[in-house]
Amino acid sequence: MVDASVICWGPFLLIAALLSVFGILWTIIYPILFLYGAIFSGRNLDKSMNKIMFREKNSIEHFGKDPLSTLKGAHIVGGIRECGLVYSGVVYSPSHWQLMIAWINGLFGGRIDIIHRVISVGRAEATQRLREQAQADGWEEVLNVRIDTAEMTPASNPKGTKAVEVFAYGTGVKYS
Amino acid sequence: MSDVQVLASSASNMQHIRDGIMVVNTETIAGKVITQNLGVVGGSTVRAKHVGKDIGAFFKNIGGGELKAYTELLDESRSEAIARMVADAAARGANAVVNVRFATSGCSHTVPQS
């Protein structure tokens, strides 16, 4: 028979203490972050969009045109010297405030602009990174561009992180 | 074949040539003729970040914005999937992979990738 006084309570107490600390942090941090999202997430989106537009302008100046296209290369008259895969991705998430607004919008149906804006910024960021990647690798144009969107929230854990991944890929080419 | 090998040795760290195999998502490779079709090749992986990064991403998610930990995760996963696809192609004696397609999905409680 095990004497109760012999049981080592240390690990249990440690786990309990850690959980309590996490609980206290959670109750303090969650409202702060939620408020931060409510106040700043819209502005942050605008700021990121402006930055992306600026970077896009720079890339377009570098290439002399928008390097991305969904064409397959038949329009290139002189022929292609070299080609290869180029890809980039970004994971973007709406704030919990935006999700709450979207939920309220969803009750009435119709357009849910607040989420559309988040996804637009994600898409713009992914395509802009593709341009920059193409520039870094020395390609002159990117053909057959495809944009793939994957939801990061697994169906088995609907309360987990809510985010979308936007992934853009294409074939970089150099003209001969 | 020799052209591709020469190209690979001169620029082995370039993204588009991996282990002497050209990877593109168009149906043909400019300047090259496909003489033999070796079948469909593929590569997949399931990955997750450690719980610390998951918690960090969860907190970042409340405020919204880019989740860098997951961007990094998917980048790593994709490189690994491509490397496996290239290994599969190499095992069949191929020197190029054309018409590459990617698909991503989440499974279980982790955030994975194929």
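So that the names make sense, note that chain A is the first sequence line, chain B the second, and so on, each numbered from 1.
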Open item on the list: Quick check on the hydrophobic clustering: are A:L25 and A:I15 connected, directly or via other members, by side-chain heavy-atom contacts under 4.5 Å?
Closed with: no
TODO: Tell me whether A:I60 is reachable from A:F54 by hopping between hydrophobic residues (I, L, V, M, F, W, Y) whose side-chain heavy atoms are closer than 4.5 Å.
DONE: no
TODO: Pick one of side chain, backbone, both or neither for B:E27, based on which atoms fall under 4.5 Å of a heavy atom in chain A.
DONE: side chain
TODO: Step through the shown structure and confirm whether more than 12 heavy atoms of other residues, nucleotides or ligands are within 6.0 Å of OH on A:Y175.
DONE: yes
Task: Separation between CD of A:E125 and OG1 of B:T71, rounded to the nearest 0.5 Å - done: 8.5 Å
Task: Nearest heavy-atom neighbours spanning B:F102 and A:Y169 - done: N-OH, 3.5 Å
Open item on the list: At a heavy-atom distance under 4.5 Å, which candidate from A:S176, A:S88, A:G170, A:G138 has the highest pair count against chain B?
Closed with: A:G170
TODO: With a 4.5 angstrom heavy-atom cut-off, could you sort out which part of A:Y36 is near chain B: side chain, backbone, both or neither?
DONE: side chain
- [ ] Please examine the side chains of A:L85 and B:I82, heavy atoms only from C-beta on, and report whether any two atoms are closer than 4.5 Å.
- [x] yes
Open item on the list: Grouping I, L, V, M, F, W and Y whenever their side-chain heavy atoms are under 4.5 Å apart, do B:F58 and A:L99 come out in a common cluster?
Closed with: yes
TODO: Treat each ILVMFWY residue as a node, draw an edge where side-chain heavy atoms are under 4.5 Å apart, and state whether A:V90 and A:V164 are in one component.
DONE: no
TODO: State whether the number of non-hydrogen atoms from other residues, nucleotides or ligands found under 6.0 Å of B:R92 atom CZ is greater than 12.
DONE: yes
Task: Segment of A:L45 engaging chain B (4.5 angstrom heavy-atom cut-off) - done: neither
Open item on the list: What I'd like to find out is whether the side chain of A:Y92 reaches to under 4.5 Å of the side chain of B:Y70, using heavy atoms alone.
Closed with: no
TODO: Output the distance between atom CG (B:N25) and atom CG (A:N144), rounded to the nearest 0.5 Å.
DONE: 4.5 Å
Open item on the list: Check this for me: A:H62, atom NE2, are more than 12 non-hydrogen atoms of other residues, nucleotides or ligands nearer than 6.0 Å?
Closed with: yes
Open item on the list: To check you understand the geometry: which heavy-atom pair defines the closest contact between A:S41 and B:G63, and what is its length?
Closed with: CB-O, 3.9 Å
Task: chain B contact via A:D148 - which portion, at a heavy-atom distance below 4.5 Å - done: side chain
Open item on the list: Heavy-atom pairs under 4.5 Å with chain B - which of A:A150, A:S93, A:A38 has more of them than the others?
Closed with: A:S93
Open item on the list: If I take atom CG from residue B:N99 and atom OG1 from residue A:T171, how far apart are they, to the nearest 0.5 angstrom?
Closed with: 9.0 Å
- [ ] Heavy-atom distances under 4.5 Å only: say whether A:F167 touches chain B with side chain, backbone, both or neither.
- [x] side chain
- [ ] Look at the side-chain heavy atoms of Ile, Leu, Val, Met, Phe, Trp and Tyr, link any pair under 4.5 Å apart, and say whether A:I112 and A:W97 land in one connected group.
- [x] yes
Task: Smallest separation among heavy atoms of B:I29 and A:C83, with atom names - done: CG2-SG, 3.7 Å
- [ ] For each of A:S48, A:S95, A:G89, tally heavy-atom pairs with chain B at distances under 4.5 Å, and name the one with the top tally.
- [x] A:S95
Task: Gap between atom CG of B:D75 and atom OH of A:Y87 - 0.5 Å precision - done: 5.5 Å
TODO: Considering only NZ, NE, NH1 and NH2 on the basic side and carboxylate oxygens on the acidic side, decide whether B:E66 and A:K51 come within less than 4.0 Å.
DONE: no
TODO: Kindly compute the distance separating NE2 (A:H96) from CD1 (B:I62), expressed to the nearest 0.5 Å.
DONE: 5.5 Å
